[in-house]
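By convention here, the first residue in the shown sequence is residue 1. For ligands, and for the atoms within them, numbers begin at 1 and follow the listed sequence. Note that these values count all heavy atoms, side chains included, but never hydrogens, waters or copies made by symmetry.
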Amino acid sequence: MRKDTIAWTKKDLLGLEYLTKEEIELILDTAKSFKEVLSRPLRKVPALRGKTVANLFYEPSTRTRISFELAAKRLSADVINIEKESSSIKKGETLIDTGRNLEALKIDIIVVRHHSSGAPVMLSRAVNISVVNAGDGWHEHPTQGLLDIFTLREKIGNIDGLKVSIIGDISHSRVARSNIWGLNKLGAKVTICAPEKLIPIEAEKLGVRITNDVDDAIKNADAINVLRMQLERDSVSAFPSRMEYFKQFGITEERLKKAKKNIVVMHPGPINRGVEMSGDVADGANSVILDQVTNGIAVRMAVLYLVAHAKRK
Ligand code: CP
């Protein structure tokens, strides 16, 4: 593996807000090496042999949970999956107690998804083992931000100066926050676009351009990242109906005719087809949505590898 992994000193990955540009680039470069591993006939390396990763998910997930499991297995780690419904969380055990018990069970890395913003930070302070944030409330989804940026680097190249528009429910979106932190640190020019009520109060402090006009957001963009309307998190109450949202903000082939020919279309998934994006755009020539999913494995391998081998200060 790369010599410069010695530069990684953090036991946890909690958010892109807390990383330097160099640390983000180190994760992306390490992920590139692991993507090559995934293209081999034998898609496995012994980098985490003897380590154990616990996936602790308090919220549903398809892409993140499965790709963390695959990432750990491709690195030869042992993996356990803890579901809220079939564990002692159901009996009222606290997150901290669950984490301390996992540490007592000699787990090396806890990957946690939680409905409360800040839960992974709290857990990381309570245990000496590594904690990786797999999405917390409205706060951050750092590995999603990283895999989005990794995909942009792969499809377009240098992030510095790239025009990226993030479109949809910014207020409730941890994906938006991680993308904004990461893209800004790498020098991209970020625009956020949403109905007025779905722009967060702190938006002006985020160093982004703000618009409520989706055609304006698309017009000069090199890439758009279209967010899911979070039906479980009150996204839709900010708009009279899903149909009206689609009419004003939905990404359609018609709208993309006014965009750059090679505009890259991303979506973190799961997609609400016909709400934030039409099916033909999701499956169209500009879409890299499934590449994002594939890249998630390499990025999560890089994160697990780096936190497991951190030279802690
Ligand atoms: N993008 C994302 O976090 O998807 P899942 O909820 O399926 O993990």
Atom pairs and distances, side-chain donor-acceptor, residues 38-47, under 3.5 Å, sequence neighbours left out:
{"from": "Ser39", "atom 1": "OG", "to": "Glu36", "atom 2": "O", "distance (Å)": "2.6"}
{"from": "Arg40", "atom 1": "NE", "to": "Glu36", "atom 2": "OE2", "distance (Å)": "3.4"}
{"from": "Arg40", "atom 1": "NH2", "to": "Glu36", "atom 2": "OE1", "distance (Å)": "3.0"}
{"from": "Lys44", "atom 1": "NZ", "to": "Lys73", "atom 2": "O", "distance (Å)": "3.4"}

Would you list the atom pairs, donor with acceptor, under 3.5 Å between side chains in residues 187-198 and any protein atom, with sequence neighbours excluded?
{"from": "Thr191", "atom 1": "OG1", "to": "Arg209", "atom 2": "NE", "distance (Å)": "3.1"}

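Ion pairing of Glu253 with Lys257 is absent here, as no side-chain N (NZ or NE/NH1/NH2) approaches a carboxylate O to less than 4.0 Å. Look at Arg273 and Asp283 and you find a salt bridge, because one of the NZ, NE, NH1 or NH2 atoms lies within 4.0 Å of a carboxylate O, short of that distance.
Partners of Lys185 by side chain to side chain contact (heavy atoms under 4.5 Å, CB included), not counting sequence neighbours, listed by chain and number: Ile24, Trp181.
Each of Ser61, Thr62, Arg63, Thr64, Arg113, His141, Gln144, Pro268, Gly269 has a non-hydrogen atom positioned under 4.0 Å from some atom of ligand 1.
Remark: Arg300 qualifies as a cation-pi partner of Phe68 under the 6.0 Å distance and 45° angle criteria applied to the six-membered ring.
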